[in-house]
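Data block below; observations after.
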Amino acid sequence: QVQLVESGGGSVQAGGSLRLSCAVSRDRYMYTTTYMGWFRQAPGKERGAVASIDRDGFTTYAESVKGRFTISQDNAKNTLYLQMDSLKPEDTAMYFCAAANLVGRATLRLSAYNYWGRGTQVTVSS
């Protein structure tokens, strides 16, 4: 099993920055995750992809966040990060960390992930 705990959410004005963290813990029988990602869900909307990274460091981003958000991982600390700059009101959402131990590469496909955190709220005011 893999447990994911997000942190770092909060309220910020448009143009500001936040860094989200996702602490990853896995039981002794779990070798590793193959790829991880960030997703977000605004009230009344479906959950959508933000960014993904795999074990080789390959990354992919949703068009709406390219050039503003950066996904990274610290394997020594078992932590996934999402640096969010130039935030906009439309970035307001609950942000979820996700992981997979399946064969594959970084992907924005929601159904490719089999572990999910509970989320952290990000609110951007204009």
Side-chain angles (χ1 to χ4, degrees):
Q1 290 292 326
V2 175
Q3 290 79 45
L4 307 173
V5 179
E6 304 94 335
S7 62
S11 297
V12 65
Q13 289 191 327
S17 298
L18 283 173
R19 188 176 81 156
L20 305 183
S21 299
C22 174
V24 183
S25 60
R26 46 180 83 86
D27 64 27
R28 67 175 70 181
Y29 303 110
M30 179 66 68
Y31 175 59
T32 187
T33 53
T34 48
Y35 49 88
M36 297 190 67
W38 288 98
F39 292 77
R40 65 187 180 185
Q41 186 169 17
K45 295 188 176 181
E46 293 185 353
R47 190 171 298 188
V50 176
S52 176
I53 187 168
D54 63 28
R55 285 190 298 183
D56 296 327
F58 175 79
T59 59
T60 185
Y61 295 89
E63 286 295 326
S64 60
V65 305
K66 278 184 179 179
R68 300 188 299 122
F69 291 10
T70 303
I71 189 171
S72 63
Q73 59 192 355
D74 186 332
N75 293 326
K77 295 182 178 180
N78 290 327
T79 303
L80 178 73
Y81 301 101
L82 183 69
Q83 177 66 40
M84 305 186 294
D85 298 318
S86 302
L87 282 161
K88 305 175 181 180
E90 50 263 44
D91 294 319
T92 295
M94 183 73 78
Y95 282 71
F96 298 90
C97 173
N101 61 341
L102 309 171
V103 174
R105 302 297 301 272
T107 177
L108 299 179
R109 189 164 50 90
L110 187 147
S111 61
Y113 294 82
N114 51 343
Y115 297 101
W116 291 86
R118 293 191 174 187
T120 185
Q121 178 68 37
V122 172
T123 302
V124 185
S125 58
S126 58

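Following chains of ILVMFWY side-chain contacts shorter than 4.5 Å, one cannot reach Val50 starting from Leu108, and the two form parts of different hydrophobic clusters.
Residue pairs that meet the disulfide bond (SG atoms under 2.5 Å apart) test with at least one member in residues 49-80, sequence neighbours left out, do not exist here. Identified under the salt bridge (charged side-chain N to carboxylate O under 4.0 Å, His left out) test for residues 37-49, with sequence neighbours left out: Arg40-Asp91. Residue pairs meeting the salt bridge (charged side-chain N to carboxylate O under 4.0 Å, His left out) criterion with at least one partner in residues 74-90, sequence neighbours excluded, do not occur; the list is empty. Residue pairs meeting the ring pair (Phe, Tyr, Trp, His ring centres under 6.0 Å) criterion with at least one partner in residues 47-88, sequence neighbours excluded, do not occur; the list is empty.
Remark: the backbone N or O of Ala106 is not paired with any side-chain donor or acceptor of Ser52 at under 3.5 angstrom. Between the Thr123 side chain and the Thr92 main chain, no donor and acceptor come within less than 3.5 Å of each other.
Counting heavy atoms from C-beta on, the side chains of Asp56 and Arg105 come closer than 4.5 Å. The closest side-chain heavy-atom distance from Val103 to Thr34 is not below 4.5 Å. Between Val2 and Asn101 there is no side-chain heavy-atom pair separated by less than 4.5 Å.
Here the straight-line distance linking atom CD of Gln121 with atom CG of Leu20 works out to 10.5 Å at 0.5 Å rounding. Rounded to the nearest 0.5 Å, atoms CD (Gln73) and CG (Leu80) are 6.5 Å apart. For the atom pair OG1 of Thr70 and CZ of Arg19, the computed distance is 11.5 Å after rounding to the nearest 0.5 Å. Atoms CD and CG, from Gln83 and Leu18 in turn, are 8.5 Å apart once rounded to the nearest 0.5 Å. The structure places CG of Leu82 at 7.5 Å from OH of Tyr95, a figure rounded to the nearest 0.5 Å.
Taking every heavy atom of both residues into account, Ala49 and Ala62 meet most closely at O-CB, 3.4 Å. The two atoms that bring Ser17 and Ser86 nearest to each other are OG-N, 4.4 Å, heavy atoms only.
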Side chains of residues 4-16: which donor-acceptor pairs under 3.5 Å do they make with residues two or more places apart or in other chains?
| residue | atom | partner | partner atom | Å |
| --- | --- | --- | --- | --- |
| Glu6 | OE1 | Arg118 | N | 3.1 |
| Glu6 | OE1 | Gly119 | N | 2.9 |
| Glu6 | OE2 | Cys97 | N | 2.8 |
| Glu6 | OE2 | Gly119 | N | 3.1 |

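Hydrophobic cluster membership of Tyr113, counting Ile, Leu, Val, Met, Phe, Trp and Tyr whose side-chain heavy atoms lie under 4.5 Å apart directly or via other members: Tyr35, Phe39, Met94, Phe96, Leu102, Leu110, Trp116.
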